[in-house]
2 protein chains.
Amino acid sequence: MDVTSDTLEPLHLAGCANVAPVLNRVGDKWSMLIVMVLATGSRRFNELKREIDGISQRMLTRSLRGLERDGLVSRTVTPTIPPRVDYELTELGHSLRLPVKALGDWAIEHIDCIREAQKRYDARESEG
Amino acid sequence: MDVTSDTLEPLHLAGCANVAPVLNRVGDKWSMLIVMVLATGSRRFNELKREIDGISQRMLTRSLRGLERDGLVSRTVTPTIPPRVDYELTELGHSLRLPVKALGDWAIEHIDCIREAQKRYDARESEG
DNA sequence: CAGAATCCATGTTGATACTG
DNA sequence: CAGTATCAACATGGATTCTG
């Protein structure tokens with residue numbers, strides 16, 4: 001079976017094993033938000049922290065490390081005092097924006113439909 | 001700012017709030033795997049359990065409930081003895097396949113690149 | 001400024017046993 | 001067959017404190 005099949009058949013199991021880690025990163029709480037911000041240009045650590053509302057220092061560090069490890073973000077240290085560290089999307093990071101945007105557009109397009117389904121479900125739940 | 005902007009600008013904060021729950025479901029361990037299987041046709045509970053390697057009964061139940069609540073999967077009970085329950089994708093569920101496939105294709109296309117980046121990162125880590 | 005280290009609350013997943 | 005209930009293990013996320 002061809003992994004790069006462009007039909008809408010389900011991904012076979014080997015394919016899923018490859019896709020899972022990506023889905024995992026995409027699905028985590030902060031990574032895609034960071035990618036979205038870096039999509040507009042490089043940022044320093046505290047710039048990101050200020051722009052991404054609610055993220056803790058710890059999670060920003062961890063998420064950036066994860067993105068760097070996956071080759072989606074590059075980290076450039078300028079050893080001045082105080083130190084300066086710039087983060088920016090790699091080419092790979094930029095290429096991820098398109099499929100993620102497709103998903104984001106889907107979400108925005110169907111969010112009302114989803115919320116209504118949830119309301120109906122919850123209503124049925126609470127009544128019995 | 002228009003939520004449905006089709007540029008590649010970062011999603012604004014309100015947009016992200018809408019996208020987050022979808023990313024959350026897409027990113028969870030089993031939901032998209034279930035969607036992939038159901039994409040080929042409806043299944044009974046234990047058929048899904050057999051086809052999705054490694055999923056526990058509990059997680060299959062929970063994932064299906066989540067998908068049902070979001071309106072992505074429909075659940076049809078036939079009250080025979082033994083009971084029969086069929087799951088299938090709703091129209092909304094089917095519409096999600098395209099953007100998820102885009103992401104899956106991206107993953108498959110770049111998995112080697114990612115793995116190499118991870119190796120390089122881990123190598124740098126371990127040496128210091 | 002850019003983090004590392006620590007501790008803790010919470011959420012997620014899985015194994016097991018039981019049920020209509 | 002298609003679940004529910006319970007418990008334990010682990011992962012995730014956040015607050016706080018400290019450092020070169």
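Keep in mind that this is a model prediction, so the values were computed, not measured.
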Quick one: [X] [atom1] to [N] [atom2], roughly how many Å, whole number?
{"X": "R44(A)", "N": "dC1(C)", "atom1": "CZ", "atom2": "P", "result": "7 Å"}
{"X": "Q57(A)", "N": "dC1(C)", "atom1": "CD", "atom2": "P", "result": "11 Å"}
{"X": "E47(A)", "N": "dC1(C)", "atom1": "CD", "atom2": "P", "result": "10 Å"}
{"X": "I34(B)", "N": "dT13(C)", "atom1": "CD1", "atom2": "C1'", "result": "14 Å"}
{"X": "K49(B)", "N": "dG14(C)", "atom1": "NZ", "atom2": "C1'", "result": "11 Å"}
{"X": "L60(A)", "N": "dC1(C)", "atom1": "CG", "atom2": "P", "result": "13 Å"}
{"X": "M59(A)", "N": "dA4(C)", "atom1": "CE", "atom2": "C1'", "result": "15 Å"}
{"X": "D53(B)", "N": "dG14(C)", "atom1": "CG", "atom2": "C1'", "result": "15 Å"}

Subject >> Distance test, side-chain N/O of Y87(A) to OP1/OP2 of dG3(C), below 4.0 Å >> reply: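 Result: yes.
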
Original post:
In terms of side-chain geometry, is the basic nitrogen of D86(B) or R84(B) positioned less than 4.0 Å from the acidic oxygen of its partner?
Top reply: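 A salt bridge is present here (some side-chain N lies under 4.0 Å from a carboxylate O).
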
Subject >> 5'-most by nearest nucleotide on DNA chain D - S56(A) or R65(B) >> reply: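 Per heavy-atom nearest nucleotide, the more 5' residue is R65(B).
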
4.5 Å side-chain heavy-atom contact, [X] and [Y]:
{"X": "L38(B)", "Y": "R43(B)", "result": "yes"}
{"X": "L64(B)", "Y": "L48(B)", "result": "yes"}
{"X": "V100(B)", "Y": "M36(B)", "result": "yes"}

Original post:
Do R58(B) and dT12(C) have a side chain to base donor-acceptor pair shorter than 3.5 Å?
Top reply: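 No such pair is found, so the answer is no.
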
**OP:** Given side-chain contact (heavy atoms from CB on, under 4.5 Å), test V73(B) with E88(B) step by step and report yes or no.
**Re:** CA-CA 6 Å; V73(B) 162; E88(B) 66 180 324; over 6 Å; no

**OP:** Just do the side-chain contact (heavy atoms from CB on, under 4.5 Å) check on R58(B) and T61(B) with the steps written out, would you?
**Re:** CA-CA 5 Å; R58(B) 171 192 163 84; T61(B) 301; 5.9 Å; no

Original post:
For I114(B) and V22(A), what are the C-alpha separation, side-chain angles and deciding distance, and is it a side-chain contact (heavy atoms from CB on, under 4.5 Å)?
Top reply: CA-CA 9 Å; I114(B) 293 172; V22(A) 174; 4.1 Å; yes

Original post:
Which two nucleotides bound the region of DNA chain D that has atoms under 4.0 Å from heavy atoms of chain B, read 5' to 3'?
Top reply: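 The protein-touched segment is dC1(D) to dT6(D).
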
**OP:** Looking at every strand, decide which applies to R62(A) at a 4.0 Å heavy-atom threshold: base, sugar-phosphate, or nothing.
**Re:**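 No contact.
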
**OP:** For K29(A), report the nucleic acid contact type (base, sugar-phosphate, nothing); a contact means any heavy atom under 4.0 Å.
**Re:**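 Here K29(A) touches the backbone only, sparing every base.
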
Subject >> Within residues 70-82 of chain B: residues closer than 4.0 Å to DNA chain D (heavy atoms) >> reply: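 Within this stretch, R75(B), P82(B) sit under 4.0 Å of the strand.
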
Subject >> All pairs passing ring-ring contact (aromatic ring centres under 6.0 Å, His included) where residues 53-109 of chain A contributes a residue, at least two apart >> reply: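 For residues 53-109 of chain A, and leaving out neighbouring residues, the ring-ring contact (aromatic ring centres under 6.0 Å, His included) pairs sorted by first residue read W106(A)-H110(A).
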
**OP:** Please report the C-alpha distance between R97(B) and L89(B) in whole Å, then the side-chain angles of each, then the deciding distance to 0.1 Å, and finally whether the side-chain contact (heavy atoms from CB on, under 4.5 Å) criterion is met.
**Re:** CA-CA 10 Å; R97(B) 289 168 55 203; L89(B) 287 192; 3.7 Å; yes

